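Heads up, the thing below is written out as structure tokens.
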Amino acid sequence: MRTTRTVPARPVLIVTLSLATAGLLLLTPHTAGADPKPVTREGAAVDDRAARAPADAARRALTAETSTGPTTTTRGYPRRQVLSPDPRNPGDKSLKLGLTPYHAIAPKLNALQRLGDRVSVEVTGRSAGGHRLYLVTVTAPETTRQARAQERMRELIENAPASAAKSREIKWTYKAPVFVNSNIHGNEWEGTDASLKVIEQLATAKDTKTRDLLAHSRLYFNVTANPDGRIAGTRANANGFDLNRDFVTASQPESRAMRQIELDKQPAVLLDLHGYVNGTLIEPTTPPHGENYEYDLFLKNSYANALGMESAVNALGYTPAKDGVEPAQIPFRDQEEGWDDWPPIFTPQYAAFHGTVAAHTVEIPLAVNNEEYDTLPVPELRRRSAINTAVAGATVRATLNHVREHRTTLVADQIETFRRGAAGAPQVPVSPKTVPGVPGIGPEDVYTTDFPRAYVIPPGDSRTQRSAPAAARLVDHLLANDVRVTRATRPFRLGGRTYPKGSYVVDLHQPKRGMANVLLADGRDISDKVSVMYDISGWSLGRLWGATVERVTSGSLRGAPLRPVTEAAPVAHVPAHGTLRLRLTDPREIAALNSLLRQGVPVRQAPDGSAIVPASARREALTAARTHDVAFTATRLKGDTPLHRLRVAAAVTPGELFALREMGFDVTPVSTAVLNAGFDWSGTDVLFVSAGLDHALLTAPARKALDAFLDGHGLVGRGATGVALNGAADLLAVKPVEGNPDANGVVRTVNSGRLTHDAPAHAFVYAPLWFTDLGPGVREEQSYAIGNPLVSGHWRPLPDGTGGPAAAAGQASVVSGGRTVLFGTEPLFRDHPKGEFPQVARALFTVAHSGSDEENG
């Protein structure tokens with residue numbers, strides 16, 4: 001569910017395009033009745049259940065094969081396979097609602113494949129919890145030769161859009177791809193059941209419209225995008241991640257599987273089925289609109305399809321008085337702000353960068369999750385679920401009708417999206433003239449950007465390997481998102497600068513320039529554009545992932561010594577002789593260090609924070625270098641502090657827990673409840689707190705045990721919860737100042753301490769904090785830059801004028817002293833700002849070892 005504040009409707013004329021209600025639905029929907037539910041805005045990123053995320057689930061997500069990926073052999077349709085059944089699970093939360101439990105999906109899909117020659121099932125990967133992810137394709141049968149022709153046309157559309165636009169073969173024979181994504185939030189169940197019903201009806205329908213649809217379209221159904229959450233009745237997957245926030249980072253196997261579907265199938269139309277907003281909410285959205293989209297094409301098609309879905313939902317006949325169901329709403333038309341498509345983290349918005357020209361979040365109306373699931377009678381829950389299933393089905397059927405009627409236009413606009421990118425053509429601002437038929441377009445809807453000529457990513461310092469792992473990781477991530485990257489075979493000049501051999505170049509004259517730019521660009525400060533944002537407003541990989549990224553505004557790449565790459569060049573290196581040095585400025589380097597410590601290698605820390613490995617451990621270093629793709633360098637440094645394997649107790653968010661484990665730390669999740677149950681601190685070296693631990697709610701024995709631990713060990717605190725524990729335990733003498741809790745984005749910082757040595761000059765904030773009145777012995781490790789530190793995002797002062805970026809400017813954002821480090825930034829947010837991860841790792845090592853040194857002394 002995405003939720004929003006209720007706001008007055010836009011003062012525009014609501015009109016209906018010429019989409020006849022009669023005959024709108026290919027298939028007859030089921031009906032049922034409902035109960036109203038108020039709309040509320042989603043809260044902050046903290047999840048008090050973070051401590052429940054299991055370590056084995058995190059390991060699976062880090063190592064899982066997530067998708068079959070593109071194959072070298074194209075097969076025709078149908079592509080049948082018999083799925084083995086899953087054990088029956090009486091605890092599946094969907095059973096209470098009268099919906100399809102996960103263990104019943106495989107048998108159902110087997111049965112659907114047997115109904116005829118239209119339905120195919122593939123397994124695209126496994127969830128973090130180990131459950132299979134199913135992709136169902138519904139289309140008219142294709143021979144291998146016909147399937148190859150479809151694939152050839154799909155590739156032509158992306159790779160040669162100017163030629164594709166003139167192709168009569170594409171115009172008349174290309175099958176428009178449609179993607180229906182269901183149940184990405186596990187406790188928003190009914191999209192799965194609606195999809196299964198639609199698939200079943202399509203499998204056997206004999207009417208002319210269905211035959212025409214399947215002859216000219218391929219329909220892809222991701223039946224349940226989040227089986228872990230479906231079974232458990234949770235929004236998140238087994239790792240505690242909201243998958244509808246993970247597309248930029250793609251930390252989870254489910255997100256990577258959906259990404260691969262986008263790449264392989266290249267849908268022109270997408271539905272992402274959610275709940276619960278009454279009345280049914282159907283995107284397109286309110287401003288601000290993503291500035292990297294070809295928004296004129298996107299709005300034109302999305303709005304037209306939204307009107308058809310609205311008509312279909314309202315035609316079901318549900319009413320507020322009889323069923324508790326409000327009329328459907330379209331945010332672009334009916335709301336001012338609060339439901340935007342600015343960040344590319346949501347499914348429909350991410351899809352737009354892969355050529356989807358009509359994409360929608362659909363929020364079905366009647367809440368059956370959370371407190372409703374626990375308190376409402378079963379008959380009422382099932383009544384609501386039946387209505388929700390019917391509503392979701394109506395939106396799917398209306399979309400399929402729209403695709404059948406407008407296939408040619410949808411495909412042509414997808415081609416035009418890619419053509420503009422490849423040609424470096426200017427964007428077309430939306431207006432009543434450029435997007436006729438869409439009412440209410442105003443200046444508040446106009447968002448465009450100036451695409452640079454290219455981005456250059458230097459490979460890292462050849463002597464010190466500075467930023468080399470970060471550059472390699474960033475390049476591989478760009479490639480995984482279908483961004484084209486080249487590499488220089490010798491030094492070259494561009495935009496008045498000379499770049500070294502091995503530099504990576506991202507030419508912005510490419511079909512998916514929007515994807516390249518949205519990942520690498522700084523973004524924009526939109527604080528003055530709207531009063532509230534739905535979710536995060538800044539995410540720049542160019543600033544937050546640790547690599548050096550140069551924006552080149554002009555110049556010619558003609559004749560440049562560039563070759564396309566399919567993966568980044570390996571970084572792994574270990575000198576043949578001497579003591580070894582490992583920089584600790586990248587999460588891969590932290591993971592390599594932790595692997596050495598687990599093997600008992602005697603590692604010491606140098607004054608600059610790097611790790612010194614003895615020559616006798618060269619074999620172990622070589623294995624670590626190859627495993628984590630990091631480079632060791634020769635050094636004469638000896639190191640001053642022995643490092644040992646850390647055992648971390650962590651009361652943190654799911655993203656932070658995952659990031660800690662990604663860096664190879666041994667982590668035991670804790671919380672107020674865990675400590676009150678009697679936690680054994682003897683196996684812990686350091687405590688990291690950002691969520692879910694309240695000193696005031698601890699029992700007397702639990703508080704005594706915690707205080708005793710903190711008296712001899714270390715605390716790393718982040719955010720209001722970590723700072724509160726610092727104050728309750730009377731550890732670090734600072735005055736914390738809370739900024740606007742709705743603020744988030746990319747900020748400029750000044751790094752001045754050992755913990756932040758060689759860290760990026762930017763950080764991510766969400767509900768930012770800063771520190772004043774630093775007491776004796778308190779060190780400023782990092783501060784917010786002077787002036788306006790916000791680079792991109794949304795950060796306004798509070799109504800009383802406090803809490804804004806001007807108040808934070810020049811103030812300490814990270815402080816340390818003794819056995820304590822406090823962060824006012826979000827260095828591990830949703831496992832995303834990779835370049836900041838080492839700050840937390842260094843903090844953990846520093847406070848743990850300072851405590852040990854004092855004890856030993």
Side-chain angles (χ1 to χ4, degrees), residues 46 48-53 55 594 597 605 641-653 656-657 660-661 665-736 755 769 771 774-779 781 814-824 828 840-857:
V46 171
D48 290 338
R49 295 176 299 174
R52 302 180 189 177
N594 278 323
L597 295 176
Q605 192 167 33
T641 304
L643 297 178
H644 61 78
R645 179 180 177 184
L646 291 189
R647 298 159 298 178
V648 181
V652 293
T653 65
E656 291 170 322
L657 181 62
L660 290 172
R661 287 173 170 162
F665 286 105
D666 296 324
V667 187
T668 301
V670 297
S671 64
T672 303
V674 169
L675 299 192
N676 283 339
F679 182 70
D680 181 6
W681 288 101
S682 63
T684 301
D685 298 302
V686 60
L687 174 65
F688 182 24
V689 173
S690 68
L693 202 166
D694 190 331
H695 192 270
L697 296 180
L698 293 174
T699 64
R703 188 179 303 119
K704 181 179 179 181
L706 172 61
D707 290 344
F709 173 82
L710 292 175
D711 189 49
H713 295 77
L715 169 68
V716 176
R718 199 271 308 156
T721 300
V723 166
L725 180 58
N726 172 77
D730 195 24
L731 299 175
L732 206 58
V734 296
K735 179 182 178 181
L755 300 182
L769 285 168
F771 306 97
L774 307 188
V778 178
R779 295 182 296 275
E781 298 282 348
V814 182
V815 293
S816 68
R819 304 185 182 101
T820 304
V821 176
L822 299 178
F823 286 88
L828 304 181
V840 173
R842 288 187 174 197
L844 293 171
F845 279 114
T846 297
V847 298
H849 289 94
S850 65
S852 299
D853 290 344
E854 291 186 26
E855 286 179 335
N856 293 336

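Here the structure is a predicted model, which means the values were calculated and not measured.
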Within the structure provided, determine whether [X] and [Y] are in side-chain contact (heavy-atom separation under 4.5 Å).
X: Leu693; Y: Leu706; result: yes
X: Arg842; Y: Val716; result: no
X: His849; Y: Gln605; result: no
X: Phe771; Y: Val778; result: no
X: Val689; Y: Thr721; result: yes
X: Phe688; Y: Val667; result: no
X: Pro669; Y: Val674; result: no
X: Asp666; Y: Val648; result: no

(message) Would you say His695 and Asp707 are linked by a side-chain donor-acceptor pair, where the criterion is simply a distance under 3.5 Å?
(response)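 Yes, His695 and Asp707 have a side-chain donor paired with an acceptor closer than 3.5 Å.
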Quick check: closest heavy atoms across [X] and [Y], and the distance to 0.1 Å?
X: Gly719; Y: Leu769; answer: C-CD1, 3.2 Å
X: Phe823; Y: Ala843; answer: CE1-CB, 4.0 Å
X: Asn676; Y: Leu698; answer: OD1-CA, 3.3 Å
X: Ala649; Y: Trp681; answer: CB-CZ3, 4.1 Å
X: Leu844; Y: Leu660; answer: CD1-CD2, 3.9 Å

Measure the [atom1]-[atom2] distance between [X] and [Y] for me, rounded to the nearest 0.5 Å.
X: Asp730; Y: Leu710; atom1: CG; atom2: CG; value: 11.5 Å
X: Leu715; Y: Leu732; atom1: CG; atom2: CG; value: 9.0 Å
X: Thr653; Y: Leu828; atom1: OG1; atom2: CG; value: 7.5 Å
X: Arg703; Y: Leu697; atom1: CZ; atom2: CG; value: 8.5 Å
X: Leu687; Y: Leu725; atom1: CG; atom2: CG; value: 6.5 Å
X: Ser850; Y: Arg819; atom1: OG; atom2: CZ; value: 6.5 Å

(request) Could you tell me whether the side chain of Thr672 and the main chain of Asp694 form a donor-acceptor pair under 3.5 Å? (result)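 It does hold such a pair.
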(request) Would you confirm whether Glu781, through its side chain, and Leu755, through its main-chain N or O, come within 3.5 Å as a donor-acceptor pair? (result)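 Side chain of Glu781 to backbone of Leu755, a donor-acceptor pair under 3.5 Å: yes, one is there.
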(request) Please check if the distance between the ring centroids of Phe845 and Phe665 is under 6.0 Å. (result) yes
(request) Could you tell me whether Arg647 and Asp685 have a side-chain N and a carboxylate O separated by less than 4.0 Å? (result)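 A salt bridge is present here (some side-chain N lies under 4.0 Å from a carboxylate O).
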